[in-house]
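Below is one structure; the comments refer to it alone.
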Amino acid sequence: MNVIDKCWRSDPEWRKHRPQLATCSVGYAGKMTKNIGNGLIHYKVTDASDDPINPKLGTLRYGASVIQGKVWITFQRDMLIKLARPLLISSFTTIDGRGTDVHIAHNACLMIFKATDIIIHGLRIHHCKPQAPGMVMGPNGKVMPLGQVDGDAIRLVTASNIWIDHNTLYNCQDGLLDVTRGTTNVTASNNWFRSQNKVMLLGHDDGFVRDQNMKVTVVYNHFGPNCNQRMPRIRFGYAHVANNLYRGWVQYAIGGSMEPSLKSEANLFIAPSSGSKEVVINFYNFISISDMEKRATKDGHVRKPNYTEEQVFEVADAKCVRSLTRAAGWRIVRRVYEIHHESSRLIGCPLKGVMPGYVLCRRLRSTMVDLCIIHILFS
């Protein structure tokens, strides 16, 4: 279990202590403590419908766009939300899908536009489609015009302090995660990216020099199967890519242009059985440290991430990546059990201590039965 999950999943009463999640983030997003504390509003989504201009109380858009200030959004039940227009999320908003199976799919998806301090956790976002220009409720609670949107699962535009954790993203018409137009201090962790051509773009275009200040952490994610490229592709800026699992690719895994800097550390790359086996393309400032199954030129001129005390985390050995990413993506935590294990052979990592175990359940759509796997927590 990785340090993020250990922070909250070891608590058998996590449902009663949901805001504790905000203290668990690592990397450039930092601790999301501005999202909790005095004045926090708890809002529950009870209605899966969507009105992009006049959102109803009980809908996701009302909680995410209309209500201002610190908002912690949860869901009353499993639901499929088909957004009529992109959802523009307000600053200091947390969307917490834990304990439910929430799909945002089959039309518009999520956008963070000129907003800060946002958590997106525990959603399934897929089959996102391009959107024509039109009016929509903005992140300040006022209706605004919005231009053409390309069909990304999550798009960040001029945003900061964003944490995207434990989501499953796939089959969108453009990309799964775009970090653009001066966005910085982003952590993408514990997500499952699959079945996609263009996966993750860091940096708007070759002319947007402001992205030189971009800083992104990509950690504990599962890429694949059936991903083609951009895991990530970075322009300008700096990215720390650590302890991720790559299960094949078609063109390449990691790419860059416009002299970005990227530190690839202790990732596990499982090359495809056929086609391109190039892990990295088009990099000048690139360094690989302790990556496994990787064949790329190493350039030692990349600076360290220089994390602050609240951003820093320990990068594990690459042989532990399978266990660190085993719970990536959307999951339901049903019940906590007391489990003890005397050996670390199952996951191949050094055994540092034993804590209570937990059960992760995944809904099998064909039978609507929950398939549950017992995991061991290690301190």
Side-chain angles (χ1 to χ4, degrees), residues 1-15 17-36 72 74 94-99 117-124 154 161-169 177 185-193 200 215-223 232 239-245 263 265-268 305 307-318 320-333 336 347 349-350 352-353 355-360 362 373 375-379:
M1 172 174 287
N2 63 58
V3 65
I4 295 173
D5 287 349
K6 189 186 302 182
C7 175
W8 66 271
R9 277 190 164 140
S10 57
D11 179 7
E13 301 294 332
W14 64 265
R15 290 175 185 268
H17 309 135
R18 284 181 180 270
Q20 178 188 342
L21 178 69
T23 68
C24 298
S25 50
V26 300
Y28 283 120
K31 303 305 179 192
M32 305 295 289
T33 52
K34 292 182 180 179
N35 291 52
I36 58 176
W72 199 280
T74 57
T94 298
I95 302 178
D96 179 1
R98 288 177 294 174
D117 300 281
I118 291 171
I119 303 171
I120 301 174
H121 182 106
L123 303 177
R124 294 209 258 187
I154 303 174
N161 301 104
I162 310 298
W163 184 27
I164 299 168
D165 184 62
H166 269 297
N167 304 284
T168 296
L169 306 99
L177 175 60
N185 293 340
V186 176
T187 297
S189 56
N190 291 308
N191 300 289
W192 185 13
F193 301 96
M200 183 186 301
K215 293 182 289 187
V216 180
T217 302
V218 181
V219 62
Y220 308 139
N221 299 285
H222 183 166
F223 294 97
H240 183 205
V241 179
N243 282 161
N244 299 283
L245 173 62
K263 181 178 181 180
E265 187 171 9
N267 298 288
L268 175 57
Y307 289 130
T308 65
E309 184 176 351
E310 70 169 20
Q311 295 171 336
V312 70
F313 61 97
E314 182 178 355
V315 177
D317 191 281
C320 296
V321 165
R322 288 184 185 274
S323 64
L324 294 172
T325 60
R326 185 170 291 139
W330 169 87
R331 294 290 188 273
I332 292 182
V333 182
V336 175
I347 59 173
C349 298
K352 297 182 180 179
M355 298 167 58
Y358 67 97
V359 174
L360 287 178
R362 190 169 184 185
I373 302 174
H375 292 260
I376 309 297
L377 310 191
F378 294 91
S379 62

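- Side chain of Arg98 to main chain of Arg18: a donor-acceptor pair is present (N/O by atom type, distance under 3.5 Å, no hydrogens or angles).
- Across Asn161 and Ala29, no two heavy atoms sit closer than the pair ND2-O, 3.7 Å.
- Checked against side-chain hydrogen bond (donor to acceptor under 3.5 Å, both in side chains), Thr187 has no partners two or more places apart in sequence or in another chain.
- Annotation: side chain of Arg322 is in contact with side chain of Leu268 (closest heavy-atom distance under 4.5 Å).
- Using modelled atom types, one finds no donor on one side chain facing an acceptor on the other under 3.5 Å when comparing Asn2 with Asn243.
- Not a single donor-acceptor pair under 3.5 Å links the side chain of His166 to the backbone N or O of Trp330.
- Every residue was checked against the side-chain hydrogen bond (donor to acceptor under 3.5 Å, both in side chains) condition with Asn185, not counting sequence neighbours, and none meets it.
- A donor-acceptor pair under 3.5 Å links the side-chain atoms of Asn267 to the main chain of Val241, judged by distance alone.
- Taking CZ of Arg326 as the start and NE2 of His222 as the end, the distance is 11.5 Å to the nearest 0.5 Å.
- Asp117 pairs in a side-chain contact (heavy atoms from CB on, under 4.5 Å) with only one of the listed residues (Thr94, Ile162, Asn35), which is Asn35.
- Remark: Leu169 CG to Arg124 CZ distance equals 11.5 Å, nearest 0.5 Å.
- Between Leu123 and Gly97, the shortest heavy-atom contact is CD2-CA, 4.3 Å.
- To the nearest 0.5 Å, atom NE2 of residue His17 and atom OG1 of residue Thr23 are 12.0 Å apart.
- Side chain of Lys31 to backbone of Ser25: a donor-acceptor contact under 3.5 angstrom is found.
- Counting all heavy atoms, side chain and backbone alike, Gly122 lies closest to Asn167 at N-OD1, 3.2 Å.
- For His240, the ring-ring contact (aromatic ring centres under 6.0 Å, His included) partners two or more places apart in sequence, or in a different chain, are Tyr307, Phe313.
- Here CZ of Phe193 is found 5.5 Å from CG of Leu177. Values are rounded to the nearest 0.5 Å.
- Shortest non-hydrogen contact noted between Trp14 and Gly99 is CH2-N, 4.0 Å.
- Here the side chain of Gln311 pairs a donor or acceptor atom with the backbone of Tyr28 at under 3.5 angstrom.
- Separating the CD1 atom in Ile95 from the CD1 atom in Ile119 is a distance of 10.5 Å, to the nearest 0.5 Å.
- Although no hydrogens or angles enter the test, the distance criterion places no donor-acceptor pair under 3.5 Å between the side chain of Asp96 and the main chain of Trp72.
- Under the 3.5 Å distance criterion, with hydrogens and angles disregarded, no donor-acceptor pair is assigned to the side chains of Asn190 and His121.
- With respect to Ser189, the side-chain contact (heavy atoms from CB on, under 4.5 Å) criterion is satisfied by exactly one of Asn244, Thr217, Asp165: Asp165.
- For the residue pair Cys24 and Gln20, the shortest heavy atom distance occurs at SG-O, 3.5 Å.
- Here the shortest heavy-atom pairing between Leu324 and Ala316 reads CD1-CB, 3.6 Å.
- With rounding to the nearest 0.5 Å, the separation of CE in Met1 from SG in Cys7 is 11.0 Å.
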